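Written out below as structure tokens is the structure these notes cover.
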Amino acid sequence: MDLSKIIFNSIKYPFKNIAKLPIIFTLFILIAIIPIGKLLNNNYLMLIGGIAFFVFILIVPGYFLNIIKIGSRESAMFPSFNLVNDIYDSIMVLVLRMVYMIVPVAMFFILLSTVAPASFNLLNDFKILSFLATFGLLLVIILVTYLLFEFLLFFAKARLAYHNSLSEALKVNKVIEDIRNIGIFNIIKWVLAMIALAIVVSVVSSFVITIPYVGILIDICVIVPIMESIASYSVGLLYSNIT
């Protein structure tokens, strides 16, 4: 499937399933409880919101993983809500993220304990330019490492969705092979297209939020889940090119 079809089909995807959209709207209400409680200055509502946010974390990642899976099979159906399966899938997504973030976190602490003290010594010696160069290089190394593994994690999640296997998603060599098969140029074009779409949605959101009282709720509970559905489905369609 070419890029134009991927983007076009992804944008149509949530609206082809209007009847099931209230499922994700309802799920996103869980995270809307916290800002409502803060707005009303209600501690009980804030407490309920905290619990609801925990439930949200347990369910929603798994639900959107199913959307990626559906996209990878080029189906246009919306996943049904299944509490047990969604929690199980969410835990797999969480474990996957924890494993892929081991290297960036390790790199951060290693550089923080070795290079950072030396760079601050330069500052104490009033070597400002040397400090800025060293500290800047430190930040760049940490950022590049994080972005690299975030990129790998992105496609590892797609592999997890397609194979429904955590062990398959943890095979970094296979993930890299998937990326090569999709094509870096195709991925770059897809990223640029999604950024453009996100900018358009952000502009719309900026107007929606200005609606008194209900604007932020419409943004959190309607616009955000629709955009997440589009993004997840497009990842699945992108991955379908190699399956």
Side-chain angles (χ1 to χ4, degrees), residues 1-29 31 56 59-82 85-86 89-90 92-93 96-97 147 150-164 168-169 175 178-209 218-243:
M1 186 178 292
D2 60 41
L3 182 65
S4 59
K5 284 186 178 179
I6 288 175
I7 301 301
F8 184 66
N9 289 346
S10 298
I11 292 172
K12 289 195 305 180
Y13 174 69
F15 305 102
K16 274 183 162 182
N17 297 274
I18 292 289
K20 284 192 175 181
L21 275 180
I23 294 175
I24 55 171
F25 294 165
T26 303
L27 289 174
F28 273 75
I29 287 173
I31 55 171
F56 176 89
I59 297 173
V60 173
Y63 188 83
F64 282 107
L65 186 72
N66 278 321
I67 292 181
I68 297 174
K69 186 185 300 182
I70 287 169
S72 69
R73 293 169 182 171
E74 298 188 25
S75 170
M77 294 180 63
F78 222 64
S80 298
F81 177 71
N82 186 307
N85 288 344
D86 289 339
D89 288 340
S90 294
M92 285 203 295
V93 171
L96 189 66
R97 171 165 285 279
L147 291 176
E150 191 69 45
F151 180 74
L152 291 173
L153 174 63
F154 193 78
F155 289 95
K157 196 187 296 183
R159 188 174 180 83
L160 169 63
Y162 182 76
H163 292 281
N164 197 31
E168 281 294 327
V175 173
D178 288 346
I179 292 169
R180 286 175 179 166
N181 288 334
I182 294 171
I184 293 295
F185 186 60
N186 290 329
I187 292 171
I188 291 172
K189 288 193 295 181
W190 175 81
V191 169
L192 292 175
M194 294 307 296
I195 289 173
L197 180 60
I199 290 171
V200 172
V201 172
S202 297
V203 172
V204 174
S205 293
S206 66
F207 288 105
V208 171
I209 289 173
I218 294 172
D219 185 59
I220 293 174
C221 301
V222 178
I223 296 177
V224 172
I226 286 177
M227 187 59 196
E228 285 290 332
S229 300
I230 292 171
S232 298
Y233 188 68
S234 69
V235 172
L237 289 181
L238 189 68
Y239 192 82
S240 72
N241 284 336
I242 62 170
T243 58

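Since the structure is predicted, the reported quantities are computational estimates derived from the model, not experimental observations.
- If you take CZ on F15 and CD1 on I226, they are separated by 4.5 Å, rounding to the nearest 0.5 Å.
- To the nearest 0.5 Å, atoms OG (S72) and CZ (R159) are separated by 12.0 Å.
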Is there a side-chain contact (heavy atoms from CB on, under 4.5 Å) between L152 and F155 once you walk through the steps? CA-CA 6 Å; L152 291 173; F155 289 95; over 6 Å; no
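- The minimum heavy-atom distance linking Y13 with S229 is given by the pair CD2-O, 4.2 Å.
- Contact between S10 and I230 at its shortest, heavy atoms only, is O-CG1, 3.4 Å.
- Taking S80 as the reference, K20 meet the side chain to side chain contact (heavy atoms under 4.5 Å, CB included) condition, with sequence neighbours excluded.
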Pair F81, T26 - check side-chain contact (heavy atoms from CB on, under 4.5 Å), show working. CA-CA 11 Å; F81 177 71; T26 303; over 6 Å; no
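- In this structure, the side chain to side chain contact (heavy atoms under 4.5 Å, CB included) partners of P61, at least two apart in sequence or on a different chain, are S90, V93.
- In this structure, K12 places its NZ atom where more than 12 heavy-atom neighbours from other residues, nucleotides or ligands lie under 6.0 Å away.
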Name every donor-acceptor pair, under 3.5 Å, that has one atom in a side chain of residues 198-207 and the other anywhere in the protein, sequence neighbours excluded.
from : atom 1 : to   : atom 2 : distance (Å)
S202 : OG     : A198 : O      : 2.7
S205 : OG     : V201 : O      : 3.0
S205 : OG     : D219 : OD1    : 2.8
S206 : OG     : V203 : O      : 2.5

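- Here the straight-line distance linking atom CG of L96 with atom CG of L65 works out to 9.0 Å at 0.5 Å rounding.
- When each of I6, V235, L238, I7 is checked for a side-chain contact (heavy atoms from CB on, under 4.5 Å) with M194, only I7 meets the rule.
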Steps toward side-chain contact (heavy atoms from CB on, under 4.5 Å) verdict (I67, Y63): CA-CA 7 Å; I67 292 181; Y63 188 83; 4.1 Å; yes
Y239 and I68: side-chain contact (heavy atoms from CB on, under 4.5 Å), yes or no, with the steps? CA-CA 9 Å; Y239 192 82; I68 297 174; 5.9 Å; no
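- Side-chain contact between V60 and I31 is absent, with no heavy-atom pair separated by less than 4.5 Å.
- Judged as a ring-ring contact (aromatic ring centres under 6.0 Å, His included), and not counting sequence neighbours, F25 has no contacts.
- Residues M77 and I70 approach most closely at O-CG2, 3.3 Å, considering heavy atoms.
- Using modelled atom types, one side-chain atom of N17 and one backbone atom of F78 make a donor-acceptor pair closer than 3.5 Å.
- Of all non-hydrogen atoms in L237 and G71, the two that sit nearest each other are CD2-O, 3.3 Å.
- To the nearest 0.5 Å, atoms CG (N66) and CG (N82) are separated by 8.5 Å.
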Atom pairs and distances, side-chain donor-acceptor, residues 185-192, under 3.5 Å, sequence neighbours left out:
from : atom 1 : to   : atom 2 : distance (Å)
N186 : ND2    : I182 : O      : 2.7
W190 : NE1    : S234 : OG     : 3.4

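- Closest heavy-atom contact between Y233 and E74: OH-C, 4.4 Å.
- Looking at residues two or more places apart in sequence or on another chain, you find a side chain to side chain contact (heavy atoms under 4.5 Å, CB included) between N164 and K69, D89, M92.
- When every heavy atom of L160 is checked against every heavy atom of A169, the shortest pair comes out as CB-CB, 3.7 Å.
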